[in-house]
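Every chain is numbered from 1 and lettered A, B, ... according to where its sequence line falls, protein lines coming before strand lines.
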2 protein chains.
Amino acid sequence: MREKKKSAQGTRPVSIRGIAGITGFSTTTVSLVLNGRAGNFNISDETRDLILAKAKELNYQPNLHARNLRSGRSDVLGLTVPTLRNPFFGELAETFEAQARAERKLALIHVTQYERAEEISAIRYFLSQQADCIFVANPMALDEIAALCEGSSARQIFLDAQAAGRNTVSTDHFSAALELTRAIVASMARDGQRGRIYFFGGMADHQVTRIRLDGFKAALTEAGLGFSDAQVIWSPFDAERSCEVIRDHFATKDDTAGMFVNSIVPMEGLIRYFPENFDVCRSVHYGVFDSSPYLRLLTSLKIISVKQDSQGIMEAAFDLFRLGTSHSEKASIVVPHRLIGANACDPPPSPADAQEGRYTS
Amino acid sequence: MREKKKSAQGTRPVSIRGIAGITGFSTTTVSLVLNGRAGNFNISDETRDLILAKAKELNYQPNLHARNLRSGRSDVLGLTVPTLRNPFFGELAETFEAQARAERKLALIHVTQYERAEEISAIRYFLSQQADCIFVANPMALDEIAALCEGSSARQIFLDAQAAGRNTVSTDHFSAALELTRAIVASMARDGQRGRIYFFGGMADHQVTRIRLDGFKAALTEAGLGFSDAQVIWSPFDAERSCEVIRDHFATKDDTAGMFVNSIVPMEGLIRYFPENFDVCRSVHYGVFDSSPYLRLLTSLKIISVKQDSQGIMEAAFDLFRLGTSHSEKASIVVPHRLIGANACDPPPSPADAQEGRYTS
DNA sequence: CTGAAAGCGCTTACAG
DNA sequence: CTGAAAGCGCTTACAG
């Protein structure tokens with residue numbers, strides 16, 4: 001057995017060849033052993049243990065670049081999220097990470113700040129990494145992404161998005177928005193409240209915002225309330241900006257009786273605004289499309305919220321991924337949401353809920 | 001110019017060799033052009049444009065595994081965070097991502113759930129990826145990590161941690177805890193309140209918890225209040241568990257006048273508990289080591305909180321990283337925190353604050 | 001101005 | 001039971 005000098009600080013870490021040199025075996029044998037495939041090749045236990053011991057001693061870490069280059073696979077899964085400062089996406093990212101780890105895959109997470117350009121460049125990154133599968137949460141540039149992935153072997157799964165002919169896993173945004181708006185209307189009716197219901201937050205080119213807006217309109221129409229474009233208060237997903245936008249709104253309109261708040265971000269804008277105009281704000285009936293534990297602390301306000309099951313969505317996406325390679329038709333998975341009444345403790349889901357009918361295809 | 005068949009769906013994506021074959025140039029020329037180094041090598045504009053056009057047409061993406069294998073570098077930066085369901089770490093991760101992108105590096109984020117084993121395996125991953133630098137936020141296994149990185153060229157920067165002889169970027173946990181405790185004491189004094197101050201949340205083997213506990217003790221001693229171990233209510237960082245722990249606490253102790261809440265997570269446990277015992281809970285003076293916008297909504301409670309500057313911490317860490325390769329002595333950067341009084345709007349930092357004296361070394 | 005060739009660390013038929 | 005060798009896609013001296 002030839003002994004090589006131990007690599008000094010800053011040198012390249014020990015490789016399979018290095019271990020082969022030190023132990024006197026071939027790189028083949030070392031590779032087989034290190035991949036736990038010694039048994040399949042009748043390599044003696046003695047050889048195996050010797051190699052394993054040396055690898056451990058030298059703190060061997062396989063070079064994934066080499067491995068992936070050789071194998072053409074990468075074990076990389078990519079996720080884009082618009083932001084991480086938000087419980088929905090935070091949970092989504094955490095679940096992604098946990099699921100990827102369970103699959104022994106490497107999780108890459110990119111934050112896009114709701115920017116199309118960032119989203120595209122994240123996808124390019126993932127493709128460069130030969131990602132097995134790309135998960136896109138709340139996509140801005142859905143069709144462009146699909147086009148980019150053409151010709152590569154990377155699969156795509158869109159989360160929190162609905163689009164025909166694509167793999168999607170999502171809350172049913174239309175139904176949820178419909179139910180939420182109905183609940184606002186009902187809440188106003190109980191109070192005998194009259195006035196307009198506004199839709200607050202989001203951009204016109206934001207995929208799910210459009211769907212939610214459709215649900216909103218449908219509920220208004222159903223209730224005989226009518227709808228005009230003036231009821232939509234656009235605002236980028238940024239608490240600061242949302243606060244300014246809503247300040248403008250209340251400065252110029254005095255007919256606000258209900259408000260469909262399109263995500264927790266504009267809600268945070270509202271929360272910043274509340275102290276400036278509390279009496280008016282507290283008279284409004286809110287429906288928030290998104291939820292957060294702290295909403296229940298707002299005991300002086302009438303709030304209904306939609307709780308999307310971010311964990312369920314990501315888990316369903318991984319089911320789709322695992323199923324994946326075999327059949328190629330596209331699936332649209334809908335994950336149930338929950339409506340949470342303000343100031344009420346939201347009941348924990350029953351075990352039955354969690355087991356059966358978690359989602360439908 | 002020989003024409004090759006276009007690769008069919010599912011084939012490996014086009015490579016430099018592919019483009020070389022199609023255009024008739026050598027792989028050298030193609031590589032040089034694609035890396036924007038054509039100018040340095042007097043490659044004709046005509047050649048360059050032709051290659052560029054073809055690459056674009058074929059949607060060429062460089063295979064990063066091959067590039068990194070060859071160059072021995074990886075342009076990968078790794079970050080471990082204990083969780084992402086928390087504004088502090090969410091912001092930290094977002095800033096990490098943005099900074100990494102600005103450096104044209106690939107950001108890898110691993111969530112460790114406050115588990116030592118997860119932390120270690122994340123570090124191994126990063127080493128396998130030949131990461132340029134490993135950022136560890138709120139480390140559990142600080143020394144083990146340092147040992148693992150021995151002999152590799154990966155640098156390490158610990159965030160939200162304090163340890164001699166290591167690169168650290170952190171709030172001054174001792175001082176912040178001291179100030180927070182003083183503020184609790186002062187708040188109690190203003191109310192003429194008597195009784196014990198408890199320290200709630202965290203595990204004994206959690207690095208910064210120990211430091212904060214030292215600050216807590218120092219403030220109590222300074223105020224002549226004394227300290228015993230019975231004043232520490234340990235609890236893992238989990239809202240559910242924290243809620244149970246605090247329920248136990250209030251069931252057995254009736255001398256709680258103040259409470260040092262060690263992170264927003266136990267605070268969430270408390271929030272869940274409040275409705276069960278509101279009268280007692282509202283009499284307590286809280287100091288939360290961590291902050292969240294919604295704390296100001298708890299208008300019926302006395303809360304002071306410490307706002308750590310997660311963005312500033314990450315930016316300082318990147319300053320350290322950029323400085324990095326040249327000099328090898330370790331730096332301990334302290335990033336200022338702010339104390340936020342409950343129910344008061346925290347003032348936006350003045351532009352001056354943001355410019356000068358952002359952190360000290 | 002451009003090309004032939006070596007080699008990064010790994011895996012995997014293939015050959016004994 | 002084990003080894004020699006090819007090749008993944010890229011970059012980079014080196015040679016014209």
Taking the nucleotide of DNA chain C with the closest heavy atom to each, which residue, B:Leu32 or B:Ser71, is nearer the 5' end?
-> B:Leu32
Which nucleotide in [options] has an atom nearest any side-chain atom of [X]:
{"X": "A:Thr28", "options": "D:dT2, D:dA4, C:dC8", "value": "D:dA4"}
{"X": "B:Thr27", "options": "D:dG9, C:dC10, C:dA5", "value": "C:dA5"}
{"X": "A:Arg67", "options": "C:dG9, D:dG3, C:dT11", "value": "C:dT11"}

Quote, to the nearest angstrom, the C1' distance that separates D:dT11 from C:dT2.
-> 16 Å
Is any side-chain N or O of [X] closer than 4.0 Å to OP1 or OP2 of [N]?
{"X": "B:Ser26", "N": "C:dG3", "result": "yes"}
{"X": "A:Arg70", "N": "D:dG7", "result": "no"}
{"X": "A:Tyr60", "N": "C:dG9", "result": "no"}

Decide, yes or no, whether a salt bridge links A:Lys54 with A:Asp49 under the criterion of side-chain N to carboxylate O below 4.0 Å.
-> no
When all nucleic acid strands are considered with a 4.0 Å heavy-atom cut-off, which category describes [X]: base, sugar-phosphate, or nothing?
{"X": "B:Asn35", "value": "sugar-phosphate"}
{"X": "B:Ser31", "value": "base"}
{"X": "A:Ser44", "value": "sugar-phosphate"}

Base-pairing assignment for C:dT2 (Watson-Crick or G-U wobble, both under 3.5 Å) = D:dA15
Aromatic rings B:Phe96 and B:Phe135: how do their planes relate, parallel, tilted or perpendicular, breaks at 30° and 60°?
-> perpendicular
